[in-house]
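Scroll down for the structure; my scribbles are underneath it.
Within every chain, numbering begins at 1; the chains are lettered A, B, ... in the order of the sequence lines, protein sequences first and strands thereafter. Only a predicted model underlies this, so the values are computations on that prediction, with no experimental measurement involved.
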Amino acid sequence: MLHQWTQEPSEAIALQKRLAGRVERRDRIGEVRLVAGVDVGFERDPAAPENILTRAAVVVLEYPTLTLVERVLHRAPTTMSYVPGLLSFRELPAVLEAFAQLERRPDLVMVDGQGIAHPRRLGIASHLGLWLDLPTIGVGKSRLCGRHDEPPAQRGGWTELTDRGEVIGAVLRSREGVKPLYVSIGHRLGLESSLGWVVACLTRYKLPEPTRQADRLASRRTLAERAGQRALSLNPSDTEPT
DNA sequence: GCGACAG
DNA sequence: ATCTTGTCGC
């Protein structure tokens, strides 16, 4: 499947403004048995180091056991550079290709990035939710916009993330002693429910299992890179043996 | 005009 | 996001 997305900032912004009105901020979700996690990473093309490849990772976990049941890693040429606020236009094409390769359709999707906690209320989690017509949640590791107080120190504590007089998300302490997570509505789930699902998928780490597993897959070193690392640790010297 | 700015 | 080794701490 080929998705030729707009690379024109003005067009992308206009589209975001139109789509934002279609995002559903209330619960519209059925029984959850499969939860997906999405994350994207980048790597240099081994064949042509001057080119950068986008790596879209999607994992599907069974709920509530959080057992991995499926995973897809899709590589595609990177078409657009990173522009704050237009992340989905850079990463979604590859993510959609990955979803197309999935055998099972998840009931809920957690995305590494913002949902409506975005200048035009259409972060990558919301954009993906609309495209797939699935409930989604934005789970970001840092802030794009909005203001907030420091969330309580204990696990599960959270404070509101507000912007222009509107609550656009929550800043959640997913683990003690670590930077909080930025949770926001993606699509078809309210904020309280979104927080509930994220907390329900937390184990012993900072990230909930869906995005943590997707993270591992997206940033996993390639076989060649791992071979290189082994060579380095065995060869404290400089050049690689040929 | 001056900062801020998911990944 | 990615480039990168060791290091401080539970």
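- The phosphate of B/dA6 has OP1 or OP2 within less than 4.0 Å of a side-chain N or O from A/Tyr82.
- The closest side-chain heavy-atom distance from A/Val95 to A/Thr54 is not below 4.5 Å.
- Rounded to whole Å, the distance from CG on A/Asp215 to C1' on B/dA6 is 13 Å.
- Side-chain nitrogen and oxygen atoms of A/Lys141 include at least one within less than 4.0 Å of the OP1 or OP2 phosphate oxygen of B/dG7.
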A/Arg44/A/Glu50 under salt bridge (Lys or Arg N to Asp or Glu O under 4.0 Å): CA gap, chis, key distance, verdict | CA-CA 7 Å; A/Arg44 248 189 275 278; A/Glu50 67 275 18; over 6 Å; no

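- In plain terms, the two heavy atoms of A/Ile29 and A/Pro135 that are nearest each other are CG1-CG, 3.8 Å.
- For B/dG7, the OP1/OP2 oxygens have a side-chain nitrogen or oxygen of A/Ser142 closer than 4.0 Å.
- Rounded to whole Å, atom P of B/dA6 lies 12 Å from atom CZ of A/Arg90.
- Here the C1' atom of nucleotide C/dT2 and the CD atom of A/Glu91 are 13 Å apart, to the nearest Å.
- Residue contacts for A/Ile124: at a heavy-atom cut-off of 4.0 Å it reaches a base atom on one of the strands shown.
- For the pairing with A/Arg121, the side-chain hydrogen bond (donor to acceptor under 3.5 Å, both in side chains) check across A/Glu166, A/Gln16, A/Gln114 returns one residue only, A/Glu166.
- Here A/Leu86 lies in heavy-atom contact (under 4.0 Å) with a base.
- Put simply, A/Arg143 has a side-chain N or O that comes within less than 4.0 Å of OP1 or OP2 on B/dC5.
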Could you provide the dot-bracket string of DNA chain B, using ( ) for intrastrand pairs, [ ] for crossing pairs and | for bases paired to another strand, with Watson-Crick or G-U pairs below 3.5 Å?
-> .......

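- Between A/Ile52 atom CD1 and C/dT2 atom C1' there is a gap of 9 Å when expressed in whole angstrom units.
- Counting non-hydrogen atoms under 4.0 angstrom, A/Gly85 reaches a base of the nucleic acid.
- Note: CG (A/Asp112) to P (C/dA1) measures 7 Å, nearest angstrom.
- Between the CG atom of A/Leu207 and the C1' atom of B/dG7 there is a distance of 13 Å, rounded to whole Å.
- The aromatic ring centres of A/His74 and A/Phe99 sit 6.0 Å or more apart.
- Comparing B/dG7, C/dC3, B/dA6 by their nearest atom to the side chain of A/Gln114 picks out B/dA6.
- Rounded to whole angstrom, the span from the CD atom of A/Gln16 across to the C1' atom of B/dC5 amounts to 14 Å.
- Heavy-atom contacts from other residues, nucleotides or ligands closer than 6.0 Å to CZ of A/Arg105 number more than 12.
- One atom, CZ of A/Arg147, and another, P of B/dA4, lie 13 Å apart when rounded to the nearest Å.
- In this structure, A/Arg212 satisfies the cation-pi test against A/Tyr205, with its NZ or CZ atom closer than 6.0 Å to the six-membered ring centre and inside 45 degrees of the ring normal.
- Across all strands shown, A/Gly123 has heavy atoms under 4.0 Å from base atoms, whether or not it also approaches the sugar-phosphate.
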